[in-house]
Amino acid sequence: MHLAPYDLHTHTTCSDGALSPEELVDRAVARGVGTLAITDHDTVAAWPAAVARSGDNLALVCGIELSARWGSLEVHVVGLNITPDTPQLTHGIALQRTAREERARRIAHRLSRRRVPEPLEGARRHAGTGIIGRPHFAAHLVECGLVPDRKTAFKRYLGRGKVGDVRTEWPDLNTVTQWIHAAGGQAVLAHPLKYNVSATKRRALLSAFCDAGGDAVEVVSGHQHPDMTAHVAALCKRFDLMGSVGSDFHSPQHSWSDLGCGLELPRSVTPVWAAWA
Ligand code: AMP
Ligand code: MN
Ligand code: MN
Ligand code: MN
């Protein structure tokens with residue numbers, strides 16, 4: 001059974017989140033979330049621990065946030081209500097892990113030429129047993145005293161056009177959608193307003209996502225102005241896609257996007273969870 005309110009986009013220490021799967025489940029319950037999807041970057045490792053922790057008052061949905069490529073743009077596709085140990089998805093996750101490891105080596109090489117001390121070791125330490133990502137390099141740069149905070153680390157070292165911005169051969173939209181569908185889930189285009197593109201290009205992205213078999217769009221992503229929600233809801237209608245909502249929660253320190261906060265899907269949009277009944 002799935003219960004309102006829904007938060008269908010969250011992270012744990014298995015990727016770049018601050019809370020363990022158990023801590024995330026506890027926080028979701030404490031904040032009155034009824035249905036929670038854990039959607040770590042390119043991994044479902046949090047699932048067993050989260051299931052073991054959750055009780056009757058929280059419905060858990062198995063999810064993932066897959067990095068994908070559309071043209072020269074890096075986009076994120078959330079898979080929801082997936083069966084985690086499906087062979088095709090497991091194969092896809094292994095490819096993503098390899099791509100992330102390879103990318104981490106290249107980022108580290110470039111950072112070391114900028115005299116950042118031991119970047120790969122530092123990032124790995126911050127990733128722990130979780131999948132490695134740029135936020136772990138950001139944490140290392142902060143720790144080394146090179147930047148005051150992670151945001152500045154992205155601005156100066158890791159963001160678009162900076163030294164740590166390396167081209168990664170992520171799979172295309174068709175491929176990630178197929179992995180999600182093979183696992184019995186729905187493919188959701190994550191945070192459509194966070195890609196730095198024109199409105200025309202955003203519509204082209206949605207069109208390509210539909211052609212790839214995409215099912216839904218994140219209508220509400222974290223703390224968002226109602227005008228923006230209405231804008232994405234209209235895109236949903238136009239492309240006949242279902243809608244999802246998620247905080248994209250990473251850490252309790254980011255109080256502007258806490259679990260379950262302000263995540264109401266407009267009534268005009270068919271919820272992605274309608275497919276789960
Ligand atoms: P990756 O998946 O390794 O490419 O890292 C992307 C992640 O970095 C996103 O999911 C965010 O959690 C985080 N991120 C992206 N941009 C920024 C930023 N400007 N400041 C802080 N964190 C960021
Ligand atoms: Mn992240
Ligand atoms: Mn994302
Ligand atoms: Mn996310």
Side-chain angles (χ1 to χ4, degrees), residues 7-19 24 36-44 46 61 63-70 73-80 93 96-108 110-111 119-120 122-124 126-128 130-142 147-171 173 176 187-196 205 209 217-218 220-224 244-254 256-259 263:
D7 190 337
L8 304 178
H9 187 151
T10 66
H11 295 272
T12 75
T13 46
C14 293
S15 63
D16 57 0
L19 303 185
L24 184 78
L36 175 76
I38 299 180
T39 56
D40 276 312
H41 296 284
D42 301 308
T43 179
V44 288
V61 172
I64 192 166
E65 182 173 15
L66 293 163
S67 301
R69 179 162 294 284
W70 178 65
L73 199 67
E74 194 172 308
V75 297
H76 288 170
V77 177
V78 163
L80 292 178
I93 288 171
Q96 297 291 80
R97 179 175 284 276
T98 305
R100 279 185 172 273
E101 287 291 334
E102 168 64 17
R103 180 180 71 152
R105 280 193 290 276
R106 289 172 61 210
I107 292 174
R110 283 163 156 246
L111 290 179
L120 192 56
R124 276 201 207 288
H126 284 284
I131 196 153
I132 199 163
R134 285 180 293 166
H136 305 116
F137 284 99
H140 178 65
L141 289 163
V142 174
V147 287
D149 51 41
R150 291 190 192 197
K151 201 176 162 157
T152 311
F154 271 86
K155 210 161 147 187
R156 295 200 192 141
Y157 289 90
L158 300 162
R160 215 167 177 179
K162 302 299 166 190
V163 63
D165 176 24
V166 303
R167 190 179 158 83
T168 312
E169 287 305 318
W170 300 115
L173 291 173
V176 294
V188 184
L189 184 69
H191 42 64
L193 300 178
K194 290 205 180 123
Y195 309 116
N196 194 16
L205 167 61
F209 184 62
V217 174
E218 243 171 33
V220 185
S221 173
H223 185 68
Q224 184 173 301
S244 184
V245 296
S247 58
D248 206 357
F249 175 85
H250 281 76
S251 162
Q253 285 173 350
H254 305 158
W256 63 88
S257 68
D258 209 333
L259 291 170
L263 300 174

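Everything numeric here is computed off the predicted structure, so don't read it as measured data. Counting starts at 1 for both ligands and their atoms, in listed order.
Counting heavy atoms under 4.0 Å from ligand 1, residue R100 touches it through the side chain alone. Using a 4.0 Å cut-off between heavy atoms, H11 makes no contact with ligand 1 at all.
The side-chain heavy atoms of L66 and Q96, taken from C-beta on, include a pair separated by under 4.5 Å. Two residues are said to be in side-chain contact when any heavy atoms from C-beta on lie closer than 4.5 Å; E102 and E169 fail this criterion. The closest side-chain heavy-atom distance from R103 to W170 is below 4.5 Å.
Atom NE2 is the N, O or S atom of H191 at the shortest distance from the Mn ion (ligand 3). Taking the N/O/S atoms of D248 in turn, the shortest distance to the Mn ion (ligand 4) belongs to OD1. Taking the Mn ion (ligand 3) as reference, H76 places its N/O/S atom ND1 nearest.
Under the side chain to side chain contact (heavy atoms under 4.5 Å, CB included) rule, S15 has a single partner from I38, I64, T39, I131, which is I131.
Ranked by closest heavy atom to atom 3 (O) of ligand 1, the top entry among H41, H254, H191, R103 is R103.
Checking S257 against D248 by side-chain atom types alone, no donor-acceptor pair falls below 3.5 Å. Judged by distance alone, the side chains of E65 and H76 do bring a donor and an acceptor atom under 3.5 Å apart. With hydrogens and angles left out, the side-chain atoms of D16 and H41 include a donor and acceptor closer than 3.5 Å. Using modelled atom types, one finds a donor on one side chain and an acceptor on the other under 3.5 Å when comparing D40 with T12.
With respect to atom 11 (C) of ligand 1, the closest heavy atom belonging to the protein is D16 OD2, 4.0 Å. If you check which protein heavy atom lies closest to atom 6 (C) of ligand 1, you get R134 NH2, 3.7 Å. Regarding atom 19 (N) of ligand 1, its nearest protein heavy-atom neighbour is F154 CB, 3.5 Å. Protein heavy atom nearest atom 5 (O) of ligand 1, with residue, atom name and distance: P135 CD, 3.4 Å.
Numbered from 1 in the order shown, with element, the atoms of ligand 1 that lie under 4.0 Å from a heavy atom of G133 read 3 (O). Of all atoms in ligand 1, listed by their number and element, those nearer than 4.0 Å to a heavy atom of K151 are 20 (N).
The NE2 atom of H11 and the OE1 atom of E65 subtend an angle of 90° at the Mn ion (ligand 4), given to the nearest 10 degrees.
Between D42 and R97 there is no salt bridge, since no side-chain nitrogen of the basic residue lies less than 4.0 Å from a carboxylate oxygen of the acidic one. Using a 4.0 Å cut-off between charged nitrogen and carboxylate oxygen, R124 and E101 count as a salt-bridge pair.
For the pair G159 and ligand 1, no heavy-atom separation below 4.0 Å is found.
Not a single N/O/S atom of H9, whether from backbone or side chain, sits less than 2.8 Å from the Mn ion (ligand 3).
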